[in-house]
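Reviewing the structure listed below.
This is a predicted model, so every value here is computed, not measured. Just so we're on the same page: letters track the sequence lines, and every chain starts at 1.
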Amino acid sequence: MSLVTIIIVLLSLAWLAPLASAIVLAYAMLWTHRLSLAPGRLAVATLGLATCCSGLAALLWDWSREVGASERAIHGSYYRLLTFGQIQVDVNYLIDGLTIVLFLIVCLISTCVAAFARAYLADELTEEYIDHDVHTAAGGVVARPGRQHQFFALLMLFCFAMLGIVLAGNLLQVFLFWELVGLASYLLIGFYRERPVANAAAMKAFLMNRVGDVGFLIGLFCIWQLCGTWQFDGPAEGQPPGVLEAGDRLVRQHIADGLTGDQRWLLLVAGLGIVAGCLGKSAQLPLQTWLPDAMAGPTPVSALVHSATMVAAGVYLAARCAPLFVPEVLILIAYIGAATMLLGAVQALFSQDLKRILAFSTMSQLGYMLLAIGLGSPVAGCFHLVTHACFKSLLFVAAGSVLLATHHTLALSKLGGLHRVLPLTSVVTMVAIVSMTGLSIPFALFGEVPFALAGHYSKEQILSTALAFVSVNPRHFILFFVPLITSGLTALYLMRLWCRVFGTKPGQSPSMKGRASAGLHHRDHSWWLKGSLVVLAILSAFVAIGGDESWVAKTLAQSQQVVLLAGAATPVGRFPSLNDIHRVHNLAGTLGLLASSLGLVLGWLVYRAAWFPARELRQGMSAVGHFIEAGFYFDELYRVTIIGPVRQLAQRLSQVDQGILDPCLHAISAGTTRLAMLERRFDEGVVDGLVNGLASRAWRLGLMFHKLQTGQLRQYLLFLVIGIVVVFTAVFVGSP
Amino acid sequence: MSTLLFVLVLMPLVSALLMVLLDAQGSYRNSRVWALLSTLGTLALALGTAGRLVLEPIGAAVNRGPIHPWISVKQTWFQLGVGTGGKPVELELVLGMDGIAAWMVLVVSLLSTCAVLVSWESIKERSTEFYAGLLALETGLIGVACSFDLLLFYTFFEFTLIPLFLMIGVFSKGSLRDTFKVFLLPLAGSLLTLVGIVALATTAHSMTGVSKPFSMAELGVALAKQPLPIEYQTTIFLLLAAGMIVKLPLVPFHTWLPVAHFRAPITGSVLLIKLGLLGLLRLCVPMLPLACQETGLAVLAVLAAVGVVYGSLGALAQDDFNRVLAYGSVAHVGVAMLGLMAMNTIGLNGAVMQLINLGLSTGGLFLLAGMLQDRFGTRDLRQLGGLSAKLPMFATCVVFLSFASIGLPGLNGFVGEVLSLMGMFEVRPWLAAAGALGMALGAWYLLSVIQTLLFGGLYMPVSRTASNDVSDGGAGGGPKDLVARELFAIVPVMAACLVLGLCPQLILGTIEPDVKALLRRDLPVEEVVTATEPGANWPVDREGQVLITRESK
């Protein structure tokens with residue numbers, strides 16, 4: 001068995017194991033009982049297996065590079081989905097550096113989150129789960145059987161679908177798992193299906209994604225028209241190239257103005273369509289409002305699905321398809337990313353809800369990734385995807401630990417002083433915060449690169465790409481300043497988060513501390529929880545150690561061109577080359593560090609040292625605060641401009657059916673009936689009159705002849721003879 | 001195998017007649033068992049004949065006309081006259097089966113069986129009429145799929161209206177006006193279709209001299225060799241399409257459908273297969289291609305695109321589950337029509353798949369609506385809520401089939417929708433975009449139903465069943481979840497949705513030869529096969545395809 005085959009088998013196993021596990025878990029009630037710990041164990045074991053497999057595959061991948069394997073990617077086919085004529089759609093795989101890294105990260109984080117979920121959803125292990133958030137009409141609480149096994153089944157389904165996206169070798173397959181991920185997310189957000197809030201959030205998430213997916217689908221059609229395939233890579237030499245190669249060529253022709261009008265439009269719409277799909281999935285403007293609401297799902301779902309993996313699928317797809325995007329689309333992505341990152345950061349700063357802060361922060365960080373892709377550096381975007389997945393899932397798991405300890409208290413105003421109570425959670429949260437803000441020790445501790453936690457390196461790459469782009473295209477200066485400012489804001493809201501949750505609030509300390517410890521559930525001490533916190537903390541700290549030379553960065557860079565359109569002058573500006581980026585690397589890093597430190601210090605001063613009373617600050621700008629807290633009224637905007645009118649239109653249309661189309665039909669049928677009545681009158685008056693007249697004549701004639709009927713035989717005989725004579729005469733005279 | 005076709009088509013009708021003649025006043029227990037046995041028998045036969053064709057598509061003959069039954073029974077009914085060269089002109093009746101028909105027959109016979117199972121307890125009054133109507137309807141549907149001449153096709157096409165009319169008339173408490181709307185509007189359209197059929201046969205005969213102008217296969221070959229002039233095509237197309245549009249239905253002729261679904265007993269709803277699509281596919285696409293490309297694209301495709309959005313929006317505003325589904329099927333039919341009118345292989349494949357999928361996923365949802373009606377005596381979404389707490393299995397089935405209907409990849413709806421829209425995208429991107437928008441709206445109305453009906457707080461009317469059980473005071477009070485009988489009805493449908501979603505090649509592989517042939521314009525003048533009989537000694541070419549060169553006469 002060759003090395004390549006082993007890698008394929010390992011990854012396929014890692015991909016399919018969760019599916020098998022999902023099926024087994026869906027029928028858990030057949031082989032175990034509701035209180036059993038087995039479903040959770042099975043889930044963690046499956047994901048552990050998947051992690052081992054993908055880890056091994058990563059090792060082998062590296063080894064195969066060392067022994068000199070030259071091909072950029074492994075691709076092949078599992079199964080032919082459909083064929084007609086020359087059109088063939090397969091279920092196939094594409095394994096390159098990006099796949100390897102994302103597989104490993106998704107598996108690792110899923111394992112940690114599943115372990116955390118065991119602790120978090122332990123209260124589902126009961127016959128009578130009392131849901132305090134739901135009330136019956138009579139005001140009582142609702143009790144239902146616990147359903148931890150269902151949760152794990154859905155989680156496994158999600159992992160299968162997510163890994164399917166990463167492994168997919170063609171766009172239709174991506175779409176297939178893309179939708180499946182959407183379904184899993186729908187069911188997971190609505191896991192507490194008795195809660196109206198959760199239902200509404202689930203539906204909102206699915207529908208907003210669906211809007212993006214319509215775009216994606218149209219993009220797929222365009223790509224089919226352009227390339228005649230959906231395969232990423234061409235199957236072999238001599239056969240038509242795959243989407244990526246063909247797309248790259250088309251984009252270059254587009255820049256050189258060598259495309260026909262139709263092709264130009266198709267290429268543009270293909271890019272826009274795929275971007276629409278990505279915006280929906282990654283919760284970017286204008287399809288971002290579902291993400292904060294999605295926090296209505298259980299916290300492990302938020303940790304895995306809505307921060308680390310599913311929302312990253314949009315970024316993954318954008319990065320994968322980046323060669324297909326024309327410069328106009330790329331710059332659009334960059335601006336959308338920049339706008340969303342600022343919006344998210346500001347909302348996070350003003351939000352009062354622990355999980356929603358993290359959700360906004362996710363939006364904001366996803367904006368960074370899209371910005372990098374839009375500026376022609378998909379590898380930087382993916383690098384940030386990896387580091388973000390680690391520290392954001394850590395933050396969510398930590399938030400889950402807080403929720404467990406405080407009876408699911410989410411409001412910041414009711415939290416505080418938890419550092420004493422949950423020291424481990426507090427420390428790992430700090431690790432995540434440091435990683436995310438991108439702090440570093442600005443001198444080299446080990447070798448060339450400065451020592452820092454993971455987030456620093458990836459953010460620095462993005463910032464330097466942005467700076468390089470802006471330095472050659474000064475009119476797009478906003479694309480550097482927004483991420484820089486957002487970087488400061490990020491530090492500020494994270495500091496606020498830590499201080500308000502873990503730090504002792506000024507003037508509140510003793511009582512808060514007492515209250516928190518009194519209400520503490522000591523589930524924080526569950527080894528599953530602690531373990532996942534520690535592992536995720538280690539990941540958040542060290543996953544990117546070495547910066548550009550780290551394993552993650554190097555493996556990602558093998559997957560495709562590190563920079564797109566490097567140095568190419570396009571209608572929207574010149575894209576920076578790798579050299580341009582390296583030149584501004586240090587400057588960007590320093591500026592970023594400055595911004596973050598400023599944010600952190602400010603945060604410390606305001607929220608911890610009470611150097612400036614935050615409460616008054618809030619009151620001073622309460623109008624703005626409300627505006628921002630309400631999500632910039634995006635929900636209202638959509639309600640007024642889209643949802644309301646559509647529902648109105650729906651009502652109107654069914655009124656049209658009942659008020660216009662039906663009456664028309666009825667009028668026609670009534671007209672026909674009236675016509676029939678007229679006809680009846682005609683029949684009765686004219687035709688019947690005629691017929692009746694005839695009949696009465698005949699009757700009278702009959703009466704006349706009646707007189708002939710005398711009853712005398714001789715007379716009859718006479719008539720008979722006369723008759724015969726007459727007939728015979730007539731016959732003989734008539735015939736010649 | 002060919003003779004089995006007769007049995008397959010007539011068996012439900014004959015057993016319906018037997019039921020009425022022998023046991024007209026019998027109890028519902030007898031009639032339902034009889035009905036179940038007949039539908040199961042038909043299903044077995046269908047699996048035997050159609051299933052075999054599905055597994056072994058023998059119709060991939062190289063030289064074949066646009067329409068070509070893989071197996072067939074022919075009978076000349078009478079001689080119409082004498083054509084050129086002294087050849088007799090005959091009216092030939094052909095019952096046959098090709099790949100498309102095979103799938104239709106399978107779906108119809110499966111759904112009929114399911115419909116009997118679901119009506120098992122709910123139809124107790126006048127059960128003989130009900131089951132006889134159901135069986136007659138089954139014959140009509142199978143007959144339409146298996147007719148390969150214009151006359152039989154039209155006869156069965158119209159025949160389906162009669163049992164439906166009776167069932168709605170007998171079993172709904174609605175006004176007679178509604179019943180007439182359901183009956184007369186399609187009938188009015190169909191009469192135009194009849195005119196069109198006669199016009200097609202006579203025109204084709206006088207222009208091409210075809211000797212059997214009513215046989216679809218002969219007609220198809222003749223018209224592919226020598227197409228009619230465009231103005232003839234357009235006129236005949238409009239006449240033929242008139243009936244199909246109403247039957248489908250396309251906006252604005254759709255208002256009878258919600259009424260039909262609202263009034264009809266379960267079976268009527270489940271078995272309202274979209275025959276109009278088949279009609280367009282068999283009659284218009286191969287015989288009047290120019291008209292399809294011009295008038296069809298300009299009128300029908302636009303109506304279809306409007307219908308997709310209109311139907312989805314209409315569904316959003318309904319309160320009755322059946323009416324939601326009825327409007328939804330207007331939207332789904334619109335998508336299929338978009339594929340059909342694209343007049344390319346992708347689109348036609350999509351349209352046929354959509355036709356089969358609609359039967360399965362929408363049919364399945366109607367079955368579930370029937371179960372809802374059984375339990376609560378209502379399908380009003382305003383009176384029901386949070387049922388997943390009480391009826392978890394029911395809820396699972398509704399969610400599954402809804403997602404199949406929404407077009408979730410991996411389930412059957414997706415491939416049909418994507419292929420239909422892709423086909424249209426090549427011709428008219430904007431219409432395809434409207435169709436894609438309809439997909440998003442489709443998710444909206446079905447998710448709304450799921451949200452109000454299944455999730456959230458439990459809310460249900462005090463129904464017969466519920467009140468009985470509550471008076472018992474047991475903890476397990478209220479309506480029961482699906483019983484085994486109902487599971488037997490719904491699980492095969494769901495399984496079919498899953499299998500066809502994961503392996504669409506099953507359908508595509510079977511229908512591909514037929515669909516490709518529909519668009520063939522490069523027929524050689526000689527050597528066209530109009531019918532084949534499966535035999536052992538077929539020459540087989542390199543790729544394992546059966547080569548049939550010439551019909552032996």
Residue A/Leu176 versus chain B: region with a heavy atom under 4.5 Å: both
Structural part of A/Cys222 lying under 4.5 Å from a heavy atom of chain B: both
Minimum side-chain heavy-atom gap B/Ile450-A/Tyr186 below 4.5 Å: yes
Top of A/Leu180, A/Val91, A/Leu207 for chain B proximity - count of heavy-atom pairs under 4.5 angstrom: A/Leu207
Part of B/Ser388 lying under 4.5 Å from any heavy atom of chain A: side chain
Structural part of B/Leu421 lying under 4.5 Å from a heavy atom of chain A: both
A/Arg210 and its side chain to side chain contact (heavy atoms under 4.5 Å, CB included) partner, picked from B/Leu441, B/Leu447, B/Ile406: B/Ile406
Leading residue by heavy atom contact count with chain A [cutoff under 4.5 Å; candidates B/Leu437, B/Leu454, B/Val309, B/Leu502]: B/Leu502
Derivation and outcome, side-chain contact (heavy atoms from CB on, under 4.5 Å), residues A/Arg195 and B/Phe455: CA-CA 8 Å; A/Arg195 300 181 187 171; B/Phe455 299 151; over 6 Å; no
Separation of B/Leu408 CG from A/Phe206 CZ (nearest 0.5 Å): 6.0 Å
Residue selection (most heavy-atom pairs with chain A, distance under 4.5 Å) from B/Glu426, B/Arg323, B/Gln318: B/Glu426
Nearest-0.5 Å distance that lies between atom CG in A/Leu220 and atom CZ in B/Phe425: 10.0 Å
A/Ala202 portion near chain B, given a 4.5 angstrom heavy-atom threshold: neither
Smallest separation among heavy atoms of B/Pro409 and A/Glu179, with atom names: CD-CB, 3.1 Å
Closest heavy-atom pair and its distance - A/Val214, B/Ala440: CG2-CB, 3.6 Å
A/Gln225 side, atom CD; B/Met422 side, atom CE - distance, nearest 0.5 Å: 7.5 Å
Region of A/Leu172 in contact with chain B, defined by heavy-atom distances below 4.5 Å: side chain
Proximity breakdown for A/Leu649 and chain B, heavy-atom pairs closer than 4.5 Å: side chain
Contact winner vs chain A - B/Ser312, B/Ala432, B/Ser448, heavy-atom pairs under 4.5 Å: B/Ser448
Region of B/Val515 that comes under 4.5 Å of a non-hydrogen atom in chain A: neither
Validation row, ring centre B/Phe414 to ring centre A/Phe175 under 6.0 Å: yes
